[in-house]
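Only this structure's heavy atoms are used, side chains among them; waters, hydrogens and symmetry mates stay out. Here the structure is a predicted model, which means the values were calculated and not measured.
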Amino acid sequence: MMVPAVLLLLGALTAVIAPQLIARADWPDREPVIALWAWQCVVAAVLLCCVFSMTLSAAAAWQAVRGHVFAPAPRSVVEAYALGTTGPWAAATAVALACGGLWSGAMLVREVLRSRAGRRTRHAELSARAPLLPGEDPMPGRLLVLEAERADAWWLAGAAPRLVVTTAALRRLKGRQLDAVLAHEQGHVQARHDWLLHCSAALATGFPQVPVFAAFRDEMHRLVELSADDMASRRFGRLTTALALVELNEDRGVFGPSPAPQAHVPHRVHRLLTPPGRLTAARRLRLTAAASLVPVIPVLVTLVPALRALG
């Protein structure tokens with residue numbers, strides 16, 4: 001039975017070739033939303049290759065699994081997969097891939113729990129530093145001003161999400177710059193960027209030796225910021241959004257000779273001030289369709305023997 005081996009080979013090739021193609025292209029910075037979708041499709045294709053290979057290997061190794069997987073299939077389809085010609089590697093492959101899947105799930109759960117614990121800690125710190133007045137209700141989306149000497153602004157998710165802005169940031173942000181910061185953070189929430197960051201971090205943490213997952217995590221962090229920048233700039237202008245970024249990060253040394261901690265900020269400001277031209281609607285549609293087809297390939301490879309048997 002060659003299909004599980006072909007699926008593993010396809011997953012490995014996708015994990016190596018697809019990130020290189022995206023990195024060499026000139027459109028991810030111009031269309032970060034499409035780039036986000038393309039990365040998700042690539043990672044989904046890799047994971048589907050592993051899932052289908054695990055399923056077919058388990059079906060080949062154990063009769064009980066085979067009965068469940070191929071229960072509604074006619075006899076000719078079962079024979080097309082040649083499940084009885086496998087060696088001892090089928091059980092080992094199925095177990096290894098199943099362990100990888102369980103480990104991925106455990107890493108995702110750990111990432112979500114860690115994020116929730118950090119969010120509860122930040123809520124407790126805010127409640128201590130800015131307690132509610134008697135009779136005041138925590139309104140979702142309310143702007144909270146926090147006394148601090150460092151200019152900062154962030155969206156704090158939770159049961160009562162709110163935008164937190166320090167007094168130093170209010171002194172720096174002028175005119176509609178505060179509105180641009182608010183629109184940027186709301187863009188993260190509306191697009192559920194936190195789940196993208198959780199999933200990418202879980203895969204990169206669980207499999208640190210797999211380059212595609214590390215690249216996926218790094219690109220998610222970069223592209224979600226570009227996407228939120230675009231959301232803010234469409235409402236309040238690129239210059240206003242760029243100035244807000246500069247005002248919030250000027251004291252952090254990110255514009256110095258060695259801005260290692262947040263090296264992406266100067267690039268974001270430069271991108272806003274010298275915006276690259278957007279792709280045409282037709283090309284955006286072609287890129288989206290092409291990315292959407294990537295996860296379909298493992299499905300077609302898996303179904304080839306069945307389709308031949310039925311045809």
Can you tell if the side chain of Asp229 reaches within under 4.5 Å of the side chain of Pro32, non-hydrogen atoms only?
no

Do the side chains of Val46 and Phe207 join up, straight or via other hydrophobic residues, at under 4.5 Å, putting them in one cluster?
no

N/O donor-acceptor pair under 3.5 Å between Ser200 side chain and Leu197 backbone:
yes

Distance-only polar pair, side chains of Asp194 and His188, donor-acceptor under 3.5 Å
no

Do Arg284 and Ile34 make a side-chain contact, defined as non-hydrogen atoms from C-beta onward lying under 4.5 Å apart?
yes

Might you work through the side chain to side chain contact (heavy atoms under 4.5 Å, CB included) test for Val296 and Ser292, ending with a clear yes or no?
CA-CA 7 Å; Val296 178; Ser292 303; over 6 Å; no

Under-4.0 Å salt bridge between Arg222 and Asp218:
no

Side-chain donor/acceptor of Trp103 to backbone N/O of Gly206, under 3.5 Å:
yes

Using a 3.5 Å distance criterion without hydrogens, assess whether the side chain of Ser115 forms a donor-acceptor pair with backbone atoms of Glu111.
no

Close side-chain approach of Arg283 and Trp27, heavy atoms under 4.5 Å
yes

Could you walk me through whether Asp29 and His267 satisfy the side chain to side chain contact (heavy atoms under 4.5 Å, CB included) test, starting with their C-alpha distance in whole Å, then the side-chain angles of each, then the deciding distance to 0.1 Å, before giving a yes or no?
CA-CA 10 Å; Asp29 282 6; His267 170 70; 3.1 Å; yes

Spell out, yes or no, whether Ile22 and Leu196 are grouped together once hydrophobic residues are joined by side-chain heavy atoms under 4.5 Å, including indirect joins.
yes

So, taking the atom named CZ in Phe213 and the one named OG in Ser104, what distance separates them when rounded to the nearest 0.5 Å?
6.5 Å

Side chain proximity check, Leu108 to Leu203, heavy atoms < 4.5 angstrom:
no

Under 4.5 Å between side-chain heavy atoms, counting indirect links through other Ile/Leu/Val/Met/Phe/Trp/Tyr residues: same cluster for Val294 and Val301 or not?
no

For Trp37, does the CH2 atom sit with more than 12 other heavy atoms under 6.0 Å from it, leaving out its own atoms?
no

Separation of Leu97 CG from Leu56 CG (nearest 0.5 Å):
11.0 Å

To the nearest 0.5 Å, what is the distance between CG (Leu146) and CH2 (Trp154)?
5.5 Å

Are the side chain of Ser57 and the backbone N or O of Ala94 linked by a donor-acceptor pair below 3.5 Å?
no

Taking Gln177 for the side chain and Lys174 for the main chain, is one N or O donor matched with an acceptor at less than 3.5 Å?
yes

Taking atom CD of Glu149 as the centre, does the number of heavy atoms from other residues, nucleotides or ligands within less than 6.0 Å exceed 12?
no

Can you confirm whether Leu13 sits close enough to Leu9 that some side-chain heavy atom of one is under 4.5 Å from a side-chain heavy atom of the other?
yes

Nearest heavy-atom approach of Ala191 to Met231 is CB-CE, 4.1 Å

Using salt bridge (charged side-chain N to carboxylate O under 4.0 Å, His left out) as the criterion, point out the one residue from Arg235, Arg278, Arg271 that pairs with Asp230.
Arg271

Counting N and O atoms only, with roles assigned by atom type, does the side chain of Ser227 sit under 3.5 Å from a partner on the main chain of Leu223, one being a donor and the other an acceptor?
no

Hey, is the main chain of Leu36 close enough, under 3.5 Å, to the side chain of Gln40 for a donor-acceptor pair?
yes

Can you measure from CG (Leu279) to CG (Asp26) and round to the nearest 0.5 angstrom?
7.0 Å

How far apart are the closest heavy atoms of Ala183 and Phe236, and which atoms are they?
CB-CE1, 3.6 Å

Give a yes or no on whether a salt bridge exists between Glu250 and Arg172, defined as a side-chain N under 4.0 angstrom from a carboxylate O.
yes

Nearest-0.5 Å distance, OG1 of residue Thr274 to CZ of residue Arg238:
9.0 Å

For the side chain of Thr205 and the backbone of Ala201, is there at least one donor-acceptor N/O pair under 3.5 Å apart?
yes

For Thr14 versus Ala45, what's the shortest heavy-atom pair and its separation?
CG2-CB, 4.3 Å

Which atom of Val212 lies closest to which atom of Trp39, heavy atoms considered:
O-CZ3, 4.0 Å

Pair Trp195-Val112, side chain to side chain contact (heavy atoms under 4.5 Å, CB included): steps then yes or no
CA-CA 9 Å; Trp195 277 104; Val112 172; 3.9 Å; yes

Minimum heavy-atom distance Leu7-Cys49, with the two atoms named:
O-CB, 3.4 Å

Verify, without hydrogens or angle tests, whether Glu225 (side chain) and Arg268 (backbone) share a donor-acceptor contact under 3.5 angstrom.
no

May I ask whether Leu239 and Leu272 are part of the same hydrophobic cluster, defined by side-chain heavy atoms of I, L, V, M, F, W, Y residues being less than 4.5 angstrom apart, directly or through others?
yes

Looking only at non-hydrogen atoms, find the nearest pair between Val165 and Ala169 and report the distance.
CG1-CB, 3.7 Å

Report the C-alpha distance between Thr93 and Leu8 in whole Å, list the side-chain angles of each, state the deciding distance to 0.1 Å, and finish with yes or no for side chain to side chain contact (heavy atoms under 4.5 Å, CB included).
CA-CA 10 Å; Thr93 302; Leu8 290 179; 4.1 Å; yes

Side-chain touch Ile297/Leu293, heavy atoms, less than 4.5 angstrom:
no

Is Leu303 reachable from Leu10 through a run of hydrophobic residues whose side-chain heavy atoms are each under 4.5 Å from the next?
yes

Let me confirm one number: the CG-CZ distance from Leu287 to Arg30, rounded to the nearest 0.5 Å.
10.0 Å

Just by modelled atom types, is the Arg150 backbone N or O under 3.5 Å from a matching donor or acceptor in the Thr166 side chain?
yes

